[in-house]
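Predicted model only: the values in this text are computed from it and were never measured. Order of the sequence lines sets the chain letters (A, B, ...), proteins ahead of strands, with each chain counted from 1.
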Amino acid sequence: MTTFALVDCNNFYASCERLFRPELKNQPVAVLSNNDGCIVARSQEVKALGIKTGTPLFKVLPLLRQQHVHIFSSNYTLYGDLSARVMSTLEELSPIIEIYSIDEAFLNLSGISDPSAYGKQIRTRVYKDVGIPVSVGIAPTKTLAKLANYAAKKYPATAGVVNLMDAQRQQRLLAITPVAEVWGVGRKLSASLNNSGITTALELAQQKGSRIRRHYSVVLERTVRELNGEACLDLDNAPAAKQQIVCSRSFGSRINDYASLRETICEFAARAAQKLRRERQLASNVNVFIRTSPFLDNAAQYANSATLRLAYPSSDSGAIIAAATTALDSIYKADYPYAKAGVMLADFCSARRSQLSLFQAPAQTAQRDKLMQTIDNINHSGTAKVWFGGQRPVKDWFMQRDMVSPAYTTNWDCLPLV
DNA sequence: TCTGGGGTCCTAGGACCC
DNA sequence: TCTGGGGTCCTAGGACCC
């Protein structure tokens with residue numbers, strides 16, 4: 001039997017902000033989404049105020065002010081760097097690890113004689129090395145490890161580590177946990193399950209798999225099995241190649257003219273192409289979407305998207321930008337206040353075994369590859385220094401970030417002074 | 001006034017093949 | 001008028017995750 005551990009950072013973004021502002025310890029901290037739109041991370045004190053993740057800032061701003069909550073714009077440079085530090089510490093503690101998201105990872109603790117003690121060590125070590133508090137859930141399946149981690153966070157008496165290897169402990173926790181907290185049960189499913197009288201995780205676990213499969217899906221059936229200690233999900237050590245790459249943003253202010261929208265699409269296309277090259281993949285499909293704000297109900301709405309197929313798979317910024325602008329031209333309508341747009345790349349194949357084009361000489365392709373590589377090398381650090389003519393070179397024009405903290409760990413000019 | 005961004009997996013249905 | 005059985009591939013849409 002495998003022993004899974006789920007290590008999850010506590011209030012990750014809020015903890016990152018606090019790390020370099022020690023005076024904010026025990027103070028309420030909230031972190032905002034792009035454009036300072038909604039709340040995406042909250043310290044314990046803010047959670048206690050009843051503010052939910054995803055709440056639009058403007059709805060709770062008076063309350064936050066009144067409670068002296070420290071508000072931060074998102075600073076993904078900082079979070080990404082601290083995440084990498086947490087993950088490399090975890091890799092030293094366990095040879096097999098699956099990085100599941102920016103703030104959590106599954107570890108394989110099979111063969112460790114006292115997993116609970118090891119869980120405590122993990123906590124201590126990450127806090128000492130990186131300064132970020134984590135919680136640890138241990139169980140024979142990933143779904144149960146998720147649940148154990150939930151309990152480690154929810155119940156202070158656990159001191160941040162819950163070991164669910166024992167079947168009776170599993171039952172006790174499942175019985176007091178709402179079904180909505182189960183990994184894979186979201187809003188729609190929990191509402192539907194509640195209607196059928198299934199309100200706790202234990203009640204879900206006691207369902208017959210075949211019945212769940214008939215009424216819901218094979219996915220939920222797998223969840224039921226996992227809740228009963230039958231491991232259906234393996235630890236995924238080497239992340240699979242991406243199947244799509246998206247670059248999209250809501251705008252800090254509406255875009256009303258074609259020229260600006262075109263520049264935005266070029267910028268997204270170039271960034272997506274760069275991500276694609278980092279993945280060492282080639283894309284065949286380029287999709288562009290544009291839309292007005294669905295929240296302005298008195299204004300005329302327009303949303304559309306178009307997909308273009310490239311003549312041959314490519315990661316060439318020039319080819320992808322050209323396709324994206326062509327797609328944009330096919331859906332653009334004047335006189336709408338555009339609020340969001342994006343570029344999606346899909347239908348990938350590996351750059352290592354790509355199909356050559358009948359109409360393009362291999363030497364020419366190699367030359368373009370070299371050009372892209374050179375551009376990536378020049379742009380490697382910090383803001384872009386080389387770009388295509390259609391892109392807008394200034395990068396901060398469409399995003400509102402009024403309360404952003406310094407890039408303490410990645411920019412010499414932002415080093416904290418002691 | 002102000003509502004994020006980036007992903008995955010599964011299913012159903014249509015077009016098409018022999 | 002009747003119209004098999006077995007399959008693939010693609011797309012759209014819906015659910016979920018952080």
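Picking from dT3(B), dG6(B), dC17(C) the nucleotide with the shortest atom distance to the side chain of Pro56(A) gives dT3(B). Comparing atom distances between the Lys242(A) side chain and each of dG6(B), dC10(B), dG7(B) picks out dG7(B) as nearest. Looking at the side chain of Lys275(A), the nearest of the listed nucleotides dG6(B), dT11(B), dC17(C) is dG6(B). For Phe58(A), the listed nucleotide lying nearest its side chain is dT3(B); candidates were dC18(C), dT3(B), dG7(B). The Phe295(A) side chain lies nearest to dT3(B) when the options are dT3(B), dT11(B), dT8(B). Which of dC2(B), dC10(B), dG7(B) sits closest to the side chain of Val218(A) comes down to dC10(B). In the set dG4(B), dG6(B), dC16(C), the nucleotide with an atom closest to the side chain of Cys247(A) is dG6(B). Counting only heavy atoms from C-beta on, Cys38(A) has its side chain closest to dT3(B) among dT3(B), dG7(B), dG5(B). Distances from the side chain of Lys340(A) to the nucleotides dA15(C), dG7(B), dG5(B) place dG5(B) closest. Closest contact between the side chain of Leu189(A) and the listed nucleotides dG4(B), dC18(C), dC16(C) involves dC16(C).
Per the geometry, CG belonging to Asp36(A) stands 18 Å off P belonging to dT1(B), to the nearest Å. For the pair Tyr100(A) OH and dC17(C) P, the computed distance is 8 Å after rounding to whole Å. Remark: P of dG7(B) and CZ of Arg249(A) are 10 Å apart, rounded to the nearest angstrom. Distance His215(A) NE2 to dA15(C) P: 17 Å, rounded to the nearest Å. Computed from coordinates, the Asn35(A) CG to dT1(B) C1' distance equals 13 Å when rounded to whole Å. Spacing between atom CG of Leu220(A) and atom P of dT11(B) amounts to 12 Å, rounded to whole angstrom units. Rounded to whole Å, the distance from CZ on Phe348(A) to C1' on dG6(B) is 12 Å. Separating the CD atom of Glu221(A) from the C1' atom of dA15(C) is a distance of 17 Å, rounded to the nearest angstrom.
Regarding contacts with the backbone of dA15(C), every side-chain N or O of Ser217(A) stays at 4.0 angstrom or more from both OP1 and OP2. Using a 4.0 Å cut-off, no side-chain N or O of Ser33(A) falls inside it from OP1 or OP2 of dT3(B). Look at Arg222(A) and you'll find a side-chain N or O under 4.0 angstrom from OP1 or OP2 of dC10(B). Distances shorter than 4.0 Å separate some side-chain N or O of Arg254(A) from OP1 or OP2 on dC2(B). When the side-chain nitrogen and oxygen atoms of Lys188(A) are compared with OP1 and OP2 of dC17(C), none of them lie within a distance under 4.0 Å.
Minimum interatomic distance between Ala175(A) and Thr200(A) (heavy atoms only, all atoms of both residues): O-CG2, 3.7 Å.
The distance from the CG atom of Leu6(A) to the CD atom of Glu98(A) is 9.5 Å, given to the nearest 0.5 Å.
Counted by atom type alone, Tyr79(A) and Glu17(A) present one or more donor-acceptor pairs between their side chains at under 3.5 Å.
Heavy atoms of Gln244(A) sit under 4.0 angstrom from at least one base atom. Within the nucleic acid shown, Ile245(A) comes within 4.0 Å of sugar-phosphate atoms alone, with no base atom in reach, counting heavy atoms only.
Ser317(A) is listed as a side-chain neighbour of Arg277(A), based on a closest heavy-atom distance under 4.5 Å. Residues Gln170(A) and Pro140(A) meet the side-chain proximity criterion, which asks for heavy atoms closer than 4.5 Å.
Within the shown strands, dG5(C) is the pairing partner of dC18(B) under the Watson-Crick or G-U definition, both distances less than 3.5 Å.
More than 12 heavy atoms of other residues, nucleotides or ligands lie within 6.0 Å of NZ in Lys47(A), so this atom counts as buried by the packing criterion.
In this structure a side-chain-to-backbone donor-acceptor pair under 3.5 Å is present from Thr292(A) to Tyr302(A).
Both Ala241(A) and Gly37(A) lie near DNA chain B, and the one whose nearest nucleotide falls closer to the 5' end is Gly37(A).
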